J.: 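Would you mind keeping the following structure in view while I ask a few things?
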Amino acid sequence: MINGNDTIVKDHKITNDESGIAKAKFGNQISNVKSLNVDGKAIENCSDVSVVDYLSRIQGPFNLTEAAIVVQGADGKLSIEDATTHQISDAAKCSFATNTVLNSATPQYNDAGNWVGLLYAIQALGSVVWAILLPKFRSRKLSYSLSLLLAGIGFIMLAFISNQYLLFIAFILIGCGWAAMLAWPFTILTNSLTGGNIGAYLGLFNCTICVPQIIAALAGGWILSSLSNPGEIAPEYLMMVVAGISIIIGSVCVFFIKEKNSAKTAPVETPLESENI
């Protein structure tokens, strides 16, 4: 089935777009129907078009074979595993469903894992270079905010890049943010404090790092499940967008910090009574 110049169904299979997402779903209406061609025949005046599965057209009792179709090898060869036959008395009560599971034993999965290691090395290299440039900025807050902005852009880029080499740019930007996160937060914090108990404030600052990590770990699975359909791989790339937006918001908040301290009013710890003896 071809909609305009876009092939929707080929060889009895729904095709995928460049991002690997199916172009249609069973029972859902196809949007933007132009000139429809089915099995070489032009269909005119089509406004309500949907793809139906084979089970929806079966009537009466029949035998249904359930199996796991596994992709093996670099050539993409399919193999059937764990085939089981069921006797179905009423076909009208059946529906089609698929479940996609990543196979970590495939060469493609391992190649992707090796590429991730290379991307982390690129991120570390970007961090080192950006850390050398950070002291050249006159304003700590400006350099920190700019670094977070670059990191946010890098995270958002991850959701839209399909070329493995363009990922270098995204991870270099993330490395810029990482370098600033290691250099400026404690310096900006201590320069914004007055009086004693600086240790307590630093402890609370550490909580602002740990608490979001705990919340992300607890709520991340729920967010992914709410954004994905049953049987489909969870869209982890959307979490990169959430991370990027969060970091960009943080880059704006940096300008609300007021650095009050000078050399004369540097924060000091309140001494204990035992220290005065």
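Note that this is a predicted model, so its numbers are computed, not measured.
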J.: Step through the shown structure and confirm whether more than 12 heavy atoms of other residues, nucleotides or ligands are within 6.0 Å of CH2 on W178.
T.: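 For W178, atom CH2 is not crowded (no more than 12 foreign heavy atoms under 6.0 Å).
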J.: Determine, using the 4.5 Å side-chain heavy-atom cutoff (strictly less than), whether L173 and F160 are members of one ILVMFWY cluster.
T.: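 In one cluster: yes.
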J.: Nearest 0.5 Å, what's the CD1-CG distance between I257 and N191?
T.: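 Answer for the CD1-CG pair, I257 versus N191, is 11.0 Å.
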J.: Would you compute the distance between atom SG of C253 and atom NZ of K141 and round it to the nearest 0.5 angstrom?
T.: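 Here the interatomic distance stands at 12.0 Å.
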J.: Let me confirm one number: the CZ-CG distance from F171 to L118, rounded to the nearest 0.5 Å.
T.: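 One finds 10.0 Å between CZ of F171 and CG of L118.
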J.: Answer with yes or no whether the hydrophobic clustering places L133 together with I188; edges join I, L, V, M, F, W, Y residues whose side-chain heavy atoms lie under 4.5 Å apart.
T.: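 Same cluster: L133 reaches I188 through Ile, Leu, Val, Met, Phe, Trp or Tyr contacts under 4.5 Å.
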J.: Using a 3.5 Å cut-off and no angle test, enumerate the donor-acceptor pairs between side-chain atoms of residues 144-156 and protein atoms at least two apart in sequence or in another chain.
T.:
unit_1 : atom_1 : unit_2 : atom_2 : d
S145   : OG     : S251   : O      : 2.7
S147   : OG     : W130   : NE1    : 2.7
S147   : OG     : S143   : O      : 2.7

J.: For F205, enumerate each residue passing the ring-ring contact (aromatic ring centres under 6.0 Å, His included) test, keeping only those at least two apart in sequence or located in another chain.
T.: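 F205: ring-ring contact (aromatic ring centres under 6.0 Å, His included) contacts with F186.
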J.: With the 4.5 Å side-chain cut-off for hydrophobic clustering, are F168 and V116 part of the same group?
T.: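 Yes, F168 and V116 fall within the same hydrophobic cluster.
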J.: Who else is in the cluster with F255 when I, L, V, M, F, W and Y are joined by side-chain contacts under 4.5 Å?
T.: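 Taking Ile, Leu, Val, Met, Phe, Trp and Tyr as members, F255 shares its hydrophobic cluster with L142.
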J.: Taking the side chain from K258 and the backbone from S192, do they hold a donor-acceptor pair closer than 3.5 Å?
T.: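 Absent.
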J.: Would you say I249 ends up clustered with M157 if hydrophobic residues are merged whenever their side chains have heavy atoms under 4.5 Å apart, either directly or through other cluster members?
T.: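 Yes, because M157 and I249 connect within a single hydrophobic cluster, where side-chain heavy atoms sit under 4.5 Å apart.
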J.: Tell me, which pairs form a side chain to side chain donor-acceptor pair (under 3.5 Å) where one or both residues lie in residues 200-213, sequence neighbours left out?
T.: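 Sorted result for residues 200-213: empty, none.
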J.: Using 0.5 Å steps for rounding, measure from the CG atom of L167 to the CD1 atom of I172.
T.: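 One finds 11.0 Å between CG of L167 and CD1 of I172.
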J.: Can you tell if the side chain of L218 reaches within under 4.5 Å of the side chain of W222, non-hydrogen atoms only?
T.: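 No - every pair of side-chain heavy atoms lies 4.5 Å or more apart.
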J.: S127 and G175: which non-hydrogen atoms are nearest, and at how many Å?
T.: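 Answer, listing the atom of S127 first, then G175: OG-O, 2.9 Å.
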J.: Tell me every residue that passes side chain to side chain contact (heavy atoms under 4.5 Å, CB included) with T84, counting only those two or more places apart in sequence or in another chain.
T.: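 Counting only residues at least two positions away or on another chain, T84 forms a side chain to side chain contact (heavy atoms under 4.5 Å, CB included) with H86.
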J.: Kindly indicate whether the side chain of L158, heavy atoms from C-beta on, has any atom under 4.5 Å from the side chain of I174.
T.: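 Yes, close enough: below the 4.5 Å cut-off.
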J.: Rounded to the nearest 0.5 Å, how far does CD1 of I161 lie from CE of M240?
T.: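 One finds 12.5 Å between CE of M240 and CD1 of I161.
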J.: Sequence neighbours excluded, which residues qualify as ring-ring contact (aromatic ring centres under 6.0 Å, His included) partners of Y165?
T.: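 So Y165 forms a ring-ring contact (aromatic ring centres under 6.0 Å, His included) with W115.
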J.: Please report the shortest heavy-atom distance between A180 and L134, naming the atom on each side.
T.: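 Between these two residues, the closest heavy atoms are CA-CD1, 3.8 Å.
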J.: Do L238 and V242 have side chains that approach each other closer than 4.5 Å (heavy atoms only, starting at C-beta)?
T.: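 No - every pair of side-chain heavy atoms lies 4.5 Å or more apart.
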